[in-house]
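Here the structure is a predicted model, which is why all the values come from computation and not from measurement. Quick note: numbers below take in every heavy atom, side chains included, and nothing from hydrogens, waters or symmetry partners.
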Amino acid sequence: MRNLHDDVNECLEVRVTDDLLGAYRPELAGFLSACGLGRLLEEVFVPLAVSSRTRTAVAYEERPWPPAGVGARALRGLALGVVSDDGQALLTPVALTPQHRTNIGLSAALLKVLLEDLGAQEIEWLAVFVNQRSKLVAGELASVGFEPREARVVTGQAEFTAYAGRPAEILGRLGLADARLGDVLALNLEPALITKLAAFQFSLSEGVKNYWADKPQWAEVFPGFIDWAALPPGGITGTAGPGADPVDPVIVVPK
């Protein structure tokens, strides 16, 4: 069965990069501008590229002619993980350009390739920071294998608790582990699975929206743009590292 996004998604390339800024800086600037988030390039992505190791799933399309120059390649979506050296990663929800916001096939494909890549990188835990008052986002995360941990982020206006899960288990519970990438992009999936993927995507993307609007007190998701040096030795699992004294796993972010 064909759907609204089939033809659009057939034009897209989906891959993972460890150098988002170096490989896609002009495209990233255009993408953020189209999303109304142009300020994040210099405020977030430039310092993040200097201080942290990242893995980013990107979806882009290239114009047929001319093959180079301004506008030759355009980002349509991305999902980013900030990776530590001890097998953990912090997730920022899938972000899509306005014309793709209901494109569940694309958001699911980005999540699939990112989690598969993190698994290949031997990442054991993937975490999302969730507002402690959230019911919807916390419930969606729990339904696919995320569990609450001790690590927290405090902004002064809200408190966010880490929910962590294993990439392979998350893929399995979302029904993406054995699905072909082409079938995911075309949403050639069972209706119940499409509904589950939509609920997962919309809850996280809507949950982080107030943070992008500088209203963290109303945000349900804190983006994973955190320097791992700021985290306690135990990281997102909330357990002390080898030879480390127990610490209160709280990160205070002035916002």
Side-chain angles (χ1 to χ4, degrees), residues 37 40 44 48 52 54-57 78-84 87-96 101 104 107-108 110-111 114-115 118 123-174 176 195-228 230-232 234-239 247-255:
L37 301 172
L40 294 184
V44 172
L48 190 69
S52 303
T54 63
R55 307 291 295 183
T56 308
L78 61 83
L80 183 144
V82 178
V83 181
S84 76
Q88 303 181 70
L90 302 176
L91 177 69
T92 294
V94 174
L96 303 172
R101 286 207 175 122
I104 299 304
S107 66
L110 286 164
L111 187 63
L114 179 62
L115 266 61
L118 293 176
I123 300 302
E124 296 183 31
W125 295 98
L126 180 68
V128 178
F129 280 96
V130 182
N131 194 309
Q132 65 173 357
R133 294 173 295 180
S134 170
K135 301 298 183 183
L136 176 62
V137 176
E140 287 299 323
L141 290 172
S143 73
V144 297
F146 285 85
E147 298 179 356
R149 293 289 189 260
E150 295 298 322
R152 292 179 291 147
V153 169
V154 178
T155 68
Q157 298 168 302
E159 185 173 312
F160 300 82
T161 299
Y163 276 69
R166 298 183 183 275
E169 181 179 357
I170 298 165
L171 280 169
R173 291 208 189 183
L174 283 171
L176 298 174
T195 300
K196 187 175 188 65
L197 291 169
F200 186 83
Q201 165 63 12
F202 289 145
S203 65
L204 267 67
S205 63
E206 289 298 311
V208 78
K209 188 176 290 185
N210 274 322
Y211 189 89
W212 298 140
D214 283 330
K215 299 173 182 176
Q217 69 273 26
W218 297 330
E220 293 199 52
V221 176
F222 188 96
F225 299 139
I226 300 173
D227 188 341
W228 277 98
L231 282 168
I236 58 177
T237 57
T239 57
V247 295
D248 187 16
V250 177
I251 308 159
V252 178
V253 178
K255 183 67 175 178

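In plain terms, the two heavy atoms of R133 and Q157 that are nearest each other are NH2-O, 4.4 Å. Residues G224 and T92 approach most closely at N-OG1, 2.9 Å, considering heavy atoms. Looking at every heavy atom in both residues, P223 comes nearest to W212 through CB-CH2, 3.6 Å. V208 approaches S205 most closely through the heavy-atom pair CG1-O, 3.5 Å. Closest approach of A198 to I104, counting heavy atoms only: CA-CD1, 3.7 Å. Here the closest non-hydrogen pair linking V130 and A138 is CG1-N, 4.1 Å.
Between V221 and V128 the shortest side-chain heavy-atom distance falls below 4.5 Å. Between F202 and S107, the closest side-chain pair of non-hydrogen atoms is not below 4.5 Å. Using a 4.5 Å cut-off on side-chain heavy atoms (C-beta onward), L80 and V82 make contact.
Applying the side-chain hydrogen bond (donor to acceptor under 3.5 Å, both in side chains) criterion to R55, with sequence neighbours excluded, gives D117.
Between the CD atom in E220 and the CD atom in E206 there is a gap of 10.0 Å [rounded to 0.5 Å]. Taking OG of S52 as the start and CD1 of I226 as the end, the distance is 10.0 Å to the nearest 0.5 Å. Once rounded to the nearest 0.5 Å, the distance linking CG of L171 with CG of L115 reads 4.5 Å. Taken from CG in L37 to NZ in K209, the straight-line distance is 10.0 Å, to the nearest 0.5 Å. One finds the CG atom of L118 at 14.5 Å from the CH2 atom of W125 (value rounded to the nearest 0.5 Å).
N131 contributes a side-chain N or O that, together with a main-chain N or O of A219, makes up a donor-acceptor pair within less than 3.5 Å.
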Run the side chain to side chain contact (heavy atoms under 4.5 Å, CB included) check on L176 and L197 step by step: do they pass? CA-CA 9 Å; L176 298 174; L197 291 169; 4.1 Å; yes
Derivation and outcome, side chain to side chain contact (heavy atoms under 4.5 Å, CB included), residues L141 and L204: CA-CA 9 Å; L141 290 172; L204 267 67; 4.2 Å; yes
Intermediate values then yes/no, side chain to side chain contact (heavy atoms under 4.5 Å, CB included), L91 and L114: CA-CA 10 Å; L91 177 69; L114 179 62; 3.8 Å; yes
Does L111 form a side chain to side chain contact (heavy atoms under 4.5 Å, CB included) with F200? I'd like the steps, not just the answer. CA-CA 11 Å; L111 187 63; F200 186 83; 3.6 Å; yes
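Between Y211 and the options W218, F222, F160, a ring pair (Phe, Tyr, Trp, His ring centres under 6.0 Å) holds for only F222.
Applying the side-chain hydrogen bond (donor to acceptor under 3.5 Å, both in side chains) definition to pairs two or more places apart or across chains, those involving residues 158-169 are R152-E159, E169-R173.
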